[in-house]
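Below is one structure, written out as structure tokens; comments come after it.
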Number of protein chains: 2
Amino acid sequence: MTVTDPLPTAARRRPSPDPSLASDVRIAVNRLSRTLRAQKADTTVSDAQFSALALLHREGAMSLADLSRREGVTPPSMTKTVTALLDRGLLTKDGHGDDRRKVLLCPTADGDDLVTETRQRRDGWLTPRLAALTPAERKTLTAATDILRRLAAQ
Amino acid sequence: MTVTDPLPTAARRRPSPDPSLASDVRIAVNRLSRTLRAQKADTTVSDAQFSALALLHREGAMSLADLSRREGVTPPSMTKTVTALLDRGLLTKDGHGDDRRKVLLCPTADGDDLVTETRQRRDGWLTPRLAALTPAERKTLTAATDILRRLAAQ
DNA sequence: TATTGTTATACTCTATAACTATA
DNA sequence: TATAGTTATAGAGTATAACAATA
């Protein structure tokens with residue numbers, strides 16, 4: 001992944017008021033991310049397969065080149081992932097119509113179900129733990145989530 | 001792992017305090033973690049290698065069994081990772097002393113430097129971006145970091 | 001010629017099973 | 001017998017290079 005995006009202009013002007021905040025945020029985010037990853041317990045499909053399937057579920061059918069570009073892997077690598085999903089009956093592969101070189105990859109009903117169920121299971125670990133927080137803490141997390149998302153998008 | 005999932009339809013209907021919060025937190029945390037992980041100081045060391053080295057740097061020397069347990073991989077897998085780190089001069093492997101079956105793995109000066117530099121680089125990416133936020137946003141992140149840490153510890 | 005997708009090949013990280021040295 | 005670590009082997013997932021079919 002390339003991470004050479006330029007800094008926002010404002011970032012070059014203001015001094016950091018709390019030098020330890022960066023470390024604190026980084027460590028907290030990495031630890032929780034690791035904990036969440038450990039809750040997957042999804043034995044049916046691998047991470048790479050689920051990620052590709054979820055993208056198709058979310059954005060609809062697309063070609064192999066588009067899928068590999070969106071997932072940040074090479075076409076040969078995506079061919080392998082797609083083959084595994086086809087073998088498991090989670091995808092269909094059809095002609096693209098206008099361009100006979102292209103294929104159109106689309107989740108099956110089983111594929112759509114798997115995405116929905118897996119997502120609910122992954123949220124399922126976190127949901128009761130968030131419910132155990134105070135309303136004020138949840139409000140803080142809601143606001144922080146938006147900030148974290150903006151940081152990750154840079 | 002996909003990190004840009006939209007809200008699950010079911011989550012919008014659930015009568016919890018904030019049904020979408022679990023998805024939002026999970027996605028935001030995973031995305032930022034992924035972005036931060038990409039800020040490596042040394043591209044010759046893989047993620048698995050850096051993760052093991054950073055654990056030894058943080059917690060001090062330990063045996064291969066302890067290291068593999070803490071990293072959540074099997075001993076044979078950790079043997080490979082450790083061998084690569086030894087070959088790169090980032091670790092030392094010595095006898096454990098009391099039990100001659102055990103080994104004691106310890107970062108070298110170069111290993112410690114690599115961890116420190118990588119950490120500074122990752123903080124260095126985040127610090128100016130945090131400085132570009134408003135004081136209220138930084139206050140929110142400070143409070144959220146504590147909550148995230150407690151969640152990760154469960 | 002350029003693009004789409006596949007095959008061939010190789011490297012890394014992971015695992016299980018079987019081995020050795022020691023306790 | 002049990003434990004610590006290694007070696008052997010295999011399965012994913014990734015990559016680059018080379019190819020066929022199509023535009």
Could you tell me how far apart B:Leu64 (CG) and C:dA21 (P) are, to the nearest whole angstrom?
18 Å
Whole-Å distance separating the CE atom of A:Met78 from the C1' atom of C:dT4
15 Å
Is the shortest side-chain N/O distance from B:Gln49 to OP1 or OP2 of C:dT12 below 4.0 Å?
no
Let me know the distance between CZ of B:Arg69 and C1' of D:dT3, rounded to the nearest Å.
11 Å
Is there a path of hydrophobic side-chain contacts, each under 4.5 Å between heavy atoms of I/L/V/M/F/W/Y residues, joining B:Leu67 to B:Leu104?
no
Mind checking if A:Lys80 touches a base, just sugar-phosphate, or nothing, with heavy atoms under 4.0 Å?
base
Regarding B:Arg150 and A:Glu137, does a basic nitrogen lie under 4.0 Å from an acidic carboxylate oxygen?
yes
Are B:Arg69 and B:Asp66 within salt-bridge range, i.e. N to O under 4.0 Å?
yes
Taken to the nearest whole Å, CG/B:Asp99 to P/D:dA2 is 17 Å
Determine whether any donor atom in the side chain of A:Arg100 lies under 3.5 Å from an acceptor atom in the base of D:dT22, or the reverse, and answer yes or no.
no
Please report, rounded to the nearest Å, how far the P atom of C:dT22 is from the CG atom of B:Asp98.
15 Å
For the hydrophobic clusters of this structure (ILVMFWY residues joined by side-chain heavy atoms under 4.5 Å, transitively), does one cluster hold both B:Leu85 and B:Leu55?
yes
Distance below 4.0 Å between B:Thr74 side-chain N/O and C:dC13 OP1 or OP2
no
Roughly how many Å is it from NE2 in B:His96 to C1' in C:dA23, rounded to a whole number?
14 Å
Please pick, from D:dA8, D:dT14, C:dT6, the nucleotide with the shortest atom-to-atom distance to any side-chain atom of B:Pro76.
D:dA8
Does D:dT6 have OP1 or OP2 under 4.0 Å away from a side-chain N or O of B:Thr79?
yes
Rounded off to whole Å, could you give me the NZ-to-P distance for the B:Lys102 and D:dT6 pair?
14 Å
Using a cut-off of strictly less than 4.0 Å, decide whether B:Ser63 has a side-chain nitrogen or oxygen near OP1 or OP2 of D:dA4.
no
How about A:Thr145 and B:Asp24: does a side-chain donor come under 3.5 Å of a side-chain acceptor?
no
Whole angstrom is fine here: how far is it from CG in A:Leu67 over to P in D:dT14?
11 Å
